[in-house]
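Notes follow once the structure below has been shown.
Within every chain, numbering begins at 1; the chains are lettered A, B, ... in the order of the sequence lines, protein sequences first and strands thereafter.
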Number of protein chains: 2
Amino acid sequence: MKRHYRIGEVASRTGCSPESIRHYEKLGLLAPPQRGEQGYRSYDQAALARIGFIRHGRSLGLDLHSIQELLALSDNPDTDCTAADDIASRHLEHLEERIAALQSLAGELRQVVHQCRGGKTANCQIIQTLYNHQPACTERGCGDVKA
Amino acid sequence: MKRHYRIGEVASRTGCSPESIRHYEKLGLLAPPQRGEQGYRSYDQAALARIGFIRHGRSLGLDLHSIQELLALSDNPDTDCTAADDIASRHLEHLEERIAALQSLAGELRQVVHQCRGGKTANCQIIQTLYNHQPACTERGCGDVKA
DNA sequence: GCTTGACCCTGTAACGATTACAAGGTTTAG
DNA sequence: CTAAACCTTGTAATCGTTACAGGGTCAAGC
């Protein structure tokens with residue numbers, strides 16, 4: 001006797017909004033679920049687990065594409081595990097690069113914050129810095145940082 | 001005798017693509033420049049400096065909205081400098097939060113990477129972790145991390 | 001003269017993941 | 001019976017940048 005859940009209940013159980021669940025379905029991370037009498041999506045326990053998988057992957061910062069690859073590996077239990085390890089390692093490397101970049105930015109920013117106490121913007125250290133300082137790299141799009 | 005530059009030269013001098021420059025104009029960060037004979041945008045030195053300002057702000061990770069606020073402050077030299085300091089401080093705080101979050105993710109990821117040596121995905125530690133592990137926070141959208 | 005390539009113009013769509021609608025139908029509680 | 005809360009679909013917004021399409025202008029080389 002399998003319990004089934006409508007999308008709203010799945011949402012509150014997984015912490016994943018109904019919109020996102022439908023989105024994952026459209027992207028192919030979730031198989032189209034069965035439909036109830038009124039055409040409502042109906043999810044079983046396995047689907048819940050799969051959504052939890054996606055959710056936890058997201059909470060680790062993995063993108064949906066990587067998660068899709070991991071799900072595909074998980075669907076084929078006989079595959080070599082190296083591929084999964086590669087995805088995680090690649091992401092960890094990516095995270096470490098990003099942390100380093102953000103730390104560098106934070107350091108740069110700490111040098112200018114609180115430098116102009118109660119003055120006028122004409123003499124503001126922050127604004128002066130932005131005008132004068134040369135970014136390290138002037139290549140196209142280089143140095144742009146998300147967040 | 002003021003030199004003027006077309007958008008392509010501005011691009012190579014500032015490291016900012018022509019598309020981005022036009023984008024900044026559309027968003028109101030740059031005033032619409034003078035136009036040459038064929039309708040080509042024509043930038044003077046002040047515009048170059050302003051684009052450099054934007055560029056450096058972006059390289060520090062500021063969003064365009066914050067940069068616009070800083071530009072507005074810079075355009076009114078008599079304004080109190082506190083506002084600029086607030087923007088920078090807020091951003092620094094934001095950066096530090098993000099660094100902490102990413103470090104936490106990286107730590108979590110380091111625990112699972114390289115745990116499954118040459119096995120099959122059926123026993124893969126990474127995939128098991130994604131299935132089993134409960135994210136700390138199951139609130140809507142909580143725990144999602146960009147990058 | 002005529003072609004080729006490098007510029008410039010405008011407007012629109014893509015990226016990634018999510019959210020927010022609109023406009024409709026259904027269930028549930030008071 | 002009615003109002004709120006749910007479900008359906010599709011589309012558009014967010015952010016900053018890039019990539020087109022479809023067109024115009026100009027200089028160098030043949």
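Residues I67(A) and L48(A) fall within the same hydrophobic cluster, defined by Ile, Leu, Val, Met, Phe, Trp and Tyr side chains chained together at heavy-atom separations under 4.5 Å.
Residue pairs meeting the salt bridge (charged side-chain N to carboxylate O under 4.0 Å, His left out) criterion with at least one member in residues 68-77 of chain A, sequence neighbours excluded, are R50(A)-D75(A). Within the structure, salt bridge (charged side-chain N to carboxylate O under 4.0 Å, His left out) contacts touching residues 25-34 of chain B (residues at least two apart or in different chains) are E25(B)-R41(B).
Y5(A) places its OH atom 15 Å from the P atom of dC7(D), with the value rounded to the nearest Å. Distance E9(A) CD to dT27(C) C1': 14 Å, rounded to the nearest Å. Taking atom NZ of residue K26(A) and atom C1' of nucleotide dT9(D), one finds them 9 Å apart after rounding to whole Å. Rounded to whole Å, atom P of dT19(C) lies 12 Å from atom CG of L64(A). Rounded to a whole Å, the CD atom of E19(A) is 12 Å from the C1' atom of dC7(D). Per the geometry, NE2 belonging to H23(A) stands 11 Å off P belonging to dC15(C), to the nearest Å. Following rounding to the nearest Å, R6(B) (CZ) and dA27(D) (C1') show an atom-to-atom distance of 11 Å. Spacing between atom CD1 of I21(A) and atom P of dT9(D) amounts to 13 Å, rounded to whole angstrom units.
Phosphate proximity of dT17(D) to R58(B): present, with a side-chain N or O under 4.0 Å from OP1 or OP2. For S20(B) and dG16(D), the shortest distance from a side-chain N or O to OP1 or OP2 is not below 4.0 Å. Between dT17(D) and S17(B), no contact under 4.0 Å exists linking OP1 or OP2 to a side-chain N or O.
Scored by the side-chain hydrogen bond (donor to acceptor under 3.5 Å, both in side chains) test, N123(B) finds no partners at all (sequence neighbours excluded). Listed by chain and residue number, L92(A), L95(A), I99(A), R110(B) satisfy the side-chain contact (heavy atoms from CB on, under 4.5 Å) test with A106(B) (two or more places apart in sequence, or in another chain). Here F53(B) pairs with Y131(A) under the ring pair (Phe, Tyr, Trp, His ring centres under 6.0 Å) rule; sequence neighbours left out.
In the set dT12(C), dG16(D), dA17(C), the nucleotide with an atom closest to the side chain of D63(A) is dA17(C). Checking dG16(D), dT18(C), dC7(D) against the side-chain heavy atoms of Y24(A) singles out dT18(C) as nearest.
Within 4.0 Å of R22(B), counting heavy atoms only, lies at least one base atom of the nucleic acid.
In the region residues 27-43 of chain B, proximity to DNA chain D at under 4.0 angstrom, judged on heavy atoms, holds for Q38(B), Y40(B).
Using a cutoff of 4.0 Å between basic side-chain nitrogens and carboxylate oxygens, E9(A) and R3(A) are scored as salt-bridged.
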